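Report on the following structure.
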Amino acid sequence: MLSQDWPQTYQEAVALQESLRGQVRLIPLSRPPRFVAGADAIAARADRRIFGAIAVYSYPELELVEEAGAAGVCPFPYRTGLLSFREVPILAAAFEKLKQRPDVLLVDGQGIAHPRGLGLATHLGLVLEVPTIGVAKSRLLGNGEEPGRDAGAAIPLIWQGKVVGLILRTQTGKKPFYLSPGHLITLAESREIVMGCVRRYRSPIPLRQADGLSRRLRSAASDPEETRRAPAPDKWR
DNA sequence: GCGACAG
DNA sequence: ATCTTGTCGC
């Protein structure tokens, strides 16, 4: 399927990114989103397995609608700027299991705030043909001042003289996220939706849920014994 | 050459 | 990010 002609070398991966960059479309959503999902993947270095998870929520109510997960083998090593070649296949596999197709997908990584404009969120959006938003916990590139302390405060993320995203504070006094549109969405819409997905945690709810599911998948797969481990000693109760 | 570097 | 145990705080 997808991993057959998947890039095997650094050069092939970079060439694919450069051939895809012209297909990225930062256009407004066709309609207000009713279902927003979060996507995250996590790897187990020991056996090179990787687990992907997607959690779909109603929007703006933010009630969990559906979750899906997938497991596989890492198809590419981690390299700065090439994260998508590691995570797109497993996230696409999880996405295909969904019964409810989300209107927007929040992704744990950069959107267009990337050396060739093709961060994980952008690449995944192109492959799935779904609007995506990149929500990264740290910076890959670009400059911008520290946003104000209040929740919702944001500063443009500038790279090569252009605004490629926002440094966005989701919770008062907490570390901000690096937001950038992925595909089929605008920066303003991305900001609005991400803030609309924040409740009592720093991470947007759909992303937090997907992160939790991917971690549970990894534990369940790496600790077969753990599933039915011995009960706690009496003296612990 | 030096510093930076999503997950 | 991963590898790890307990531990401090709401």
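What you are looking at is a predicted structure, and each value in this text was computed from that prediction instead of being measured. Letters A, B, ... are given to chains in the order of the sequence lines, protein chains preceding strands, and every chain is numbered from 1.
- Here the P atom of nucleotide dC3(C) and the CZ atom of Arg215(A) are 10 Å apart, to the nearest Å.
- The separation between Leu124(A) atom CG and dG7(B) atom P is 15 Å, rounded to whole Å.
- Counting heavy atoms of neighbouring residues, nucleotides and ligands inside a 6.0 Å radius, atom CZ of Arg116(A) exceeds 12 of them.
- Between dA6(B), dG7(B), dA1(C), one nucleotide has an atom nearer to the side chain of Leu120(A) than all others, and that is dA6(B).
- Taking 4.0 angstrom as the limit, Arg49(A) places none of its side-chain polar atoms (N or O) nearer than this to OP1 or OP2 of dT2(C).
- The CG-C1' distance, from Leu83(A) to dA1(C), rounds to 9 Å in whole Å.
- Within the 4.0 Å cut-off from OP1 or OP2 of dG7(B), at least one side-chain nitrogen or oxygen of Lys137(A) is found.
- Within 6.0 Å of CD in Glu61(A) there are more than 12 heavy atoms belonging to other residues, nucleotides or ligands.
- Residue Arg139(A) has a polar side-chain atom (N or O) positioned under 4.0 Å from OP1 or OP2 of dC5(B).
- Counting any heavy atom pair closer than 4.0 Å across all strands shown, Leu82(A) reaches a base atom.
- A sub-4.0 Å separation between OP1 or OP2 of dG7(B) and a side-chain N or O of Ser138(A) is present.
- Taking atom CG of Leu141(A) as the reference point, atom P of dA6(B) lies 10 Å away to the nearest angstrom.
- Remark: P of dC3(C) and CZ of Arg48(A) are 14 Å apart, rounded to the nearest angstrom.
- Side chain of Ile42(A), nearest nucleotide from dG7(B), dA6(B), dT2(C): dT2(C).
- Atom CG in Leu207(A) sits about 13 Å away from atom P in dA1(C), given to the nearest Å.
- The residue Gly134(A) sits apart from the nucleic acid: no heavy atom pair falls under 4.0 Å.
- No side-chain heavy atom of Phe35(A) sits under 4.5 Å from any side-chain heavy atom of Arg101(A).
- Checking each of Thr122(A), Leu120(A), Leu140(A) against His114(A) for a side-chain contact (heavy atoms from CB on, under 4.5 Å) leaves exactly one that passes, namely Leu140(A).
- Between Gln110(A) atom CD and dA4(B) atom P the separation is 17 Å, expressed in whole Å.
- Classification of the His123(A)-Trp6(A) ring pair by plane angle, with boundaries at 30° and 60°, yields parallel.
- In this structure, Tyr78(A) forms no aromatic stack with the base of dA1(C), since the conditions of centre separation below 5.5 Å and plane angle below 30° are not both met.
- For dT2(C), the OP1/OP2 oxygens have a side-chain nitrogen or oxygen of Arg218(A) closer than 4.0 Å.
- Listed nucleotides dC5(B), dG7(B), dT2(C) differ in distance to Leu140(A); the shortest reach to its side chain belongs to dC5(B).
- Between Phe85(A) atom CZ and dA6(B) atom C1' the separation is 14 Å, expressed in whole Å.
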